[in-house]
Amino acid sequence: TPAPVPAPKPVGDDDDDDDEPVPAPTPVGDDDDDDDDDDNDNLVDIPRTIIQSNSLAIFASSLYEADLVETYSGSNGPYTVFAPTNDAFNKLPDDLKRCLSKPENQRELAYILNYHIGIGRIMSSDLVDNMSVQTFDGGFLAVDRNGDIVRINQARIIRSDTMASNGVIHTIDSVLVPSGFDVAAFLESCTDSDEDDDDDDDDDDDDDDDDDNAKGQRM
């Protein structure tokens, strides 16, 4: 059983996509095989690796909200993660972000997040034009490659090959939405639910007023 993953810090409106400084390269010796083994031993799993990047804070928090951390932890995998930045999430419509953050919509949030997880460890050099990447939920992502510019569906990879013990992470500039997810219908359902909640609150207020009036009459 993998050790618990520490929860990420609360996410605010910070859209700073600057990752931690890249460590200086290791001096080259006659034999660096042992160094490679040490590097592999020092890797942590996908959720822990994502938490270490400030620019992926919203994605990390979303994995917790969708109860997916354990799914992608420990020895599970290997997986290829196409992780949207904070800026990518902040570009989503406010209503969509609000609805996806509701506990009752955890399944919908998980559906979207799972669409960002490919099966197997796929390095950037393996991503060739017109290939398809199978996702965790059985969907497919389209790869569009033009030289060094690689897009997954319409999202561009802006940082590639961040290694984890059970996979690899590519950072992308947009949130991927599965074709089977009807955003308009989801928002309409979410809005209707909000209106029902408001009606219930109004009814409760009316009941309180009636109780107050009844008490006043008895007095």
Side-chain angles (χ1 to χ4, degrees), residues 1-20 39-92 96-123 133-141 152-153 155 157-178 180-181 186 190:
T1 302
V5 180
K9 296 179 180 179
V11 178
D13 293 331
D14 182 11
D15 60 357
D16 182 7
D17 284 343
D18 294 333
D19 291 319
E20 297 76 16
D39 290 341
N40 290 334
D41 290 340
N42 291 331
L43 293 175
V44 294
D45 60 17
I46 286 170
R48 289 177 174 84
T49 303
I50 291 173
I51 287 172
Q52 293 174 2
S53 174
N54 290 332
S55 66
L56 301 179
I58 296 179
F59 186 64
S61 295
S62 297
L63 289 176
Y64 275 87
E65 292 173 8
D67 196 22
L68 293 177
V69 170
E70 185 175 351
T71 302
Y72 302 119
S73 294
S75 60
N76 294 334
Y79 301 116
T80 298
V81 182
F82 300 100
T85 63
N86 296 339
D87 279 346
F89 277 99
N90 288 331
K91 287 189 296 185
L92 294 175
L96 181 58
K97 289 186 291 185
R98 177 178 55 79
C99 288
L100 287 174
S101 67
K102 292 185 173 184
E104 61 266 29
N105 293 327
Q106 183 187 75
R107 184 177 63 177
E108 286 77 9
L109 176 61
Y111 179 48
I112 290 177
L113 296 180
N114 282 331
Y115 190 58
H116 293 75
I117 314 296
I119 301 298
R121 191 193 307 264
I122 306 172
M123 306 301 293
V133 176
Q134 184 175 354
T135 66
F136 182 83
D137 275 351
F140 289 92
L141 300 170
I152 305 300
N153 290 359
I157 294 180
I158 57 178
R159 182 176 181 179
S160 60
D161 298 337
T162 301
M163 299 302 298
S165 62
N166 62 332
V168 62
I169 301 164
H170 306 299
T171 303
I172 57 177
D173 65 357
S174 301
V175 176
L176 305 172
V177 179
F181 185 79
F186 172 67
C190 180

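Just so you know, these numbers use all the heavy atoms, side chains as well, and skip hydrogens, waters and symmetry mates.
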For [X], enumerate each residue passing the ring-ring contact (aromatic ring centres under 6.0 Å, His included) test, keeping only those at least two apart in sequence or located in another chain.
{"X": "Phe89", "answer": "none"}
{"X": "Phe59", "answer": "none"}
{"X": "Phe140", "answer": "none"}
{"X": "His116", "answer": "none"}

For the pair [X] (side chain) and [Y] (backbone), establish whether a donor and an acceptor sit closer than 3.5 Å, ignoring hydrogens and angles.
{"X": "Asn76", "Y": "Thr71", "result": "yes"}
{"X": "Glu65", "Y": "Ser101", "result": "no"}
{"X": "Asp45", "Y": "Ser73", "result": "no"}

Single hit among Thr162, Thr171, Ile169 for side chain to side chain contact (heavy atoms under 4.5 Å, CB included) with Ile50: Ile169
[X] to [Y] - nearest heavy-atom pair and separation:
{"X": "Val168", "Y": "Met163", "answer": "CG2-SD, 3.8 Å"}
{"X": "Asn86", "Y": "Ile58", "answer": "OD1-N, 3.0 Å"}
{"X": "Ile46", "Y": "Asn166", "answer": "N-OD1, 2.9 Å"}
{"X": "Ile122", "Y": "Thr80", "answer": "N-OG1, 2.7 Å"}
{"X": "Cys190", "Y": "Asn105", "answer": "SG-ND2, 4.3 Å"}
{"X": "Phe136", "Y": "Ile119", "answer": "CA-CD1, 3.8 Å"}

Residues forming a side-chain contact (heavy atoms from CB on, under 4.5 Å) with Asp173, sequence neighbours excluded: Ala155, Arg156, Ile158
side-chain contact (heavy atoms from CB on, under 4.5 Å) assessment of Ile172 paired with Thr85: CA-CA 6 Å; Ile172 57 177; Thr85 63; over 6 Å; no
With sequence neighbours excluded, residues passing salt bridge (Lys or Arg N to Asp or Glu O under 4.0 Å) with Lys91: none
Flag side-chain contact, heavy atom, 4.5 Å: [X] against [Y]:
{"X": "Thr49", "Y": "Leu43", "answer": "no"}
{"X": "Phe82", "Y": "Val133", "answer": "yes"}
{"X": "Leu100", "Y": "Ile112", "answer": "yes"}
{"X": "Val81", "Y": "His170", "answer": "no"}

Parallel, tilted or perpendicular: rings of Tyr72 and Tyr79 (30°, 60°): perpendicular
Steps toward side-chain contact (heavy atoms from CB on, under 4.5 Å) verdict (Ile152, Leu141): CA-CA 6 Å; Ile152 305 300; Leu141 300 170; 3.8 Å; yes
Could you tell me the separation between the [atom1] atom of [X] and the [atom2] atom of [Y], rounded to the nearest 0.5 Å?
{"X": "Tyr115", "Y": "Asp137", "atom1": "OH", "atom2": "CG", "answer": "11.0 Å"}
{"X": "Ile51", "Y": "Leu56", "atom1": "CD1", "atom2": "CG", "answer": "11.0 Å"}
{"X": "Leu92", "Y": "Asp87", "atom1": "CG", "atom2": "CG", "answer": "11.5 Å"}
{"X": "Leu63", "Y": "Leu113", "atom1": "CG", "atom2": "CG", "answer": "5.5 Å"}
{"X": "Cys99", "Y": "Glu108", "atom1": "SG", "atom2": "CD", "answer": "10.0 Å"}
{"X": "Asn42", "Y": "Ser165", "atom1": "CG", "atom2": "OG", "answer": "11.0 Å"}

